[in-house]
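Below you'll find the structure, written out as structure tokens, and then a few comments.
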Amino acid sequence: MNIGEAASASGVSAKMIRHYEETGLIPKVGRTDAGYRVYRERDVHLLRFIRQARQLGFSMAQVSDLIGLWLDQSRPSRKVKQLAQTHIGELDQRIGELQAMKATLEQLVHDCHGDHRPDCPILDALGGDAHCCATPGGDGA
């Protein structure tokens with residue numbers, strides 16, 4: 001199948017397929033005499049695997065590690081579990097950072113009069129008035 005068909009079958013855009021090939025995440029596929037890429041079902045399966053891993057938020061480096069583990073039939077499952085647990089920790093950290101951002105914005109919105117006056121703590125905070133946007137446990141940035 002051609003790249004368009006592989007993209008449709010896998011849910012990965014043709015642009016990303018080319019990118020994955022260029023970066024070495026997926027192996028280069030065969031080409032026709034005219035130079036068109038030719039994908040097989042196993043290539044599409046690998047692309048689906050990558051799409052699923054990316055949807056779970058794994059980084060490209062982690063996806064590469066996961067592919068290596070997936071293809072290694074003698075892998076110990078503890079390595080896969082460890083990688084997933086590390087990712088959960090990273091997600092927890094990002095969730096905490098997002099919650100802090102949300103709390104800061106909620107406070108700034110609360111403090112903003114939202115009326116005809118020009119003064120606005122939201123703009124003050126964005127303009128660098130650090131005391132306007134410090135959060136408990138945060139650095140105000």
Side-chain angles (χ1 to χ4, degrees), residues 1-115 117-141:
M1 70 183 81
N2 66 32
I3 195 166
E5 293 165 334
S8 293
S10 67
V12 176
S13 72
K15 181 178 179 180
M16 286 308 299
I17 294 171
R18 288 185 199 95
H19 174 72
Y20 294 158
E21 188 176 313
E22 288 170 13
T23 61
L25 186 63
I26 62 172
K28 293 189 183 295
V29 296
R31 292 186 179 251
T32 65
D33 291 337
Y36 294 104
R37 290 173 172 89
V38 178
Y39 294 89
R40 293 178 279 169
E41 190 56 42
R42 71 177 177 87
D43 300 315
V44 172
H45 193 61
L46 177 58
L47 290 167
R48 285 185 191 129
F49 180 93
I50 293 168
R51 186 194 63 200
Q52 286 294 109
R54 294 293 290 153
Q55 285 179 335
L56 289 174
F58 284 102
S59 69
M60 295 302 287
Q62 290 169 322
V63 171
S64 180
D65 291 343
L66 285 166
I67 290 170
L69 290 166
W70 185 49
L71 296 175
D72 178 5
Q73 295 300 310
S74 64
R75 71 187 169 260
S77 64
R78 73 176 172 278
K79 288 185 178 182
V80 182
K81 184 175 182 174
Q82 181 182 17
L83 199 151
Q85 287 174 320
T86 298
H87 184 54
I88 289 169
E90 293 165 354
L91 290 173
D92 285 338
Q93 181 178 346
R94 285 177 42 205
I95 289 167
E97 291 166 357
L98 288 170
Q99 288 173 333
M101 283 189 270
K102 180 178 182 252
T104 298
L105 282 171
E106 286 174 336
Q107 185 61 52
L108 290 169
V109 166
H110 177 267
D111 293 345
C112 182
H113 297 290
D115 57 15
R117 293 182 284 183
D119 60 311
C120 178
I122 299 167
L123 295 176
D124 292 342
L126 293 174
D129 193 357
H131 77 274
C132 289
C133 56
T135 57
D139 63 3

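Model, not experiment: these values are computed from the prediction. Here, residue 1 is the first one in the sequence, and each next residue gets the next number.
- Proximity of Lys79 to Leu83: side-chain heavy atoms (C-beta onward) are nowhere separated by under 4.5 Å.
- Rounding to the nearest 0.5 Å gives a distance of 9.0 Å between CG of Asp124 and SG of Cys112.
- Residues satisfying the side chain to side chain donor-acceptor pair (under 3.5 Å) criterion with Arg31, sequence neighbours excluded, are absent altogether.
- Note: Arg54 CZ to Arg51 CZ = 13.0 Å, rounded to the nearest 0.5 Å.
- Remark: Asp72 engages Ser74 in a side chain to side chain donor-acceptor pair (under 3.5 Å) (not counting sequence neighbours).
- Residues Asp119 and His113 share a closest heavy-atom pair of OD2-CD2, 4.0 Å.
- With hydrogens and angles disregarded, no donor-acceptor distance shorter than 3.5 Å links the side chain of His87 to the backbone of Gln62.
- Proximity of Glu41 to Met1: side-chain heavy atoms (C-beta onward) are separated by under 4.5 Å at one or more points.
- Panel note: side chain Arg48, backbone Ala9; a donor-acceptor pair is recorded below 3.5 Å.
- Within the 3.5 Å criterion, the main-chain N or O of Leu108 finds no donor-acceptor partner in the side chain of Asp111.
- Taking both residues in full, the closest heavy atoms of Leu47 and Ser10 are given as CB-CB, 3.6 Å, listed atom of the first, atom of the second, then distance.
- Proximity of Ile50 to Leu25: side-chain heavy atoms (C-beta onward) are separated by under 4.5 Å at one or more points.
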Residues His110, Gln107; criterion side-chain contact (heavy atoms from CB on, under 4.5 Å); working and verdict: CA-CA 5 Å; His110 177 267; Gln107 185 61 52; 3.8 Å; yes

Please list every donor-acceptor pair under 3.5 Å in which a side-chain atom of residues 94-103 meets a protein atom from a residue at least two apart or in another chain.
from: Glu97; atom 1: OE2; to: Gln93; atom 2: NE2; distance (Å): 3.3
from: Lys102; atom 1: NZ; to: Glu106; atom 2: OE2; distance (Å): 3.0

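- Contact of the Ile26 side chain with the Ile17 side chain is registered, since non-hydrogen atoms from C-beta on lie closer than 4.5 Å.
- Smallest separation of non-hydrogen atoms from Met60 and Tyr20: CE-CE2, 3.3 Å.
- Atom CG in Leu56 sits 10.0 Å away from atom CD1 in Ile88 (nearest 0.5 Å).
- Nearest approach of Arg75 to Leu69, heavy atoms of both residues: CD-O, 2.7 Å.
- Minimum interatomic distance between Ala53 and Leu66 (heavy atoms only, all atoms of both residues): CB-CD1, 4.3 Å.
- For Glu5 (side chain) and Asn2 (main-chain N/O), a donor-acceptor pair under 3.5 Å exists by modelled atom type.
- Counting heavy atoms from C-beta on, the side chains of Pro27 and Leu46 come closer than 4.5 Å.
- Between Phe49 and Trp70, the two ring planes are parallel [angle under 30°; tilted spans 30° to 60°].
- Residue Glu21 holds its CD atom at 12.5 Å from CE of Met16, rounded to the nearest 0.5 Å.
- Heavy-atom minimum distance, Ala7 versus Ala14: CB-N, 3.7 Å.
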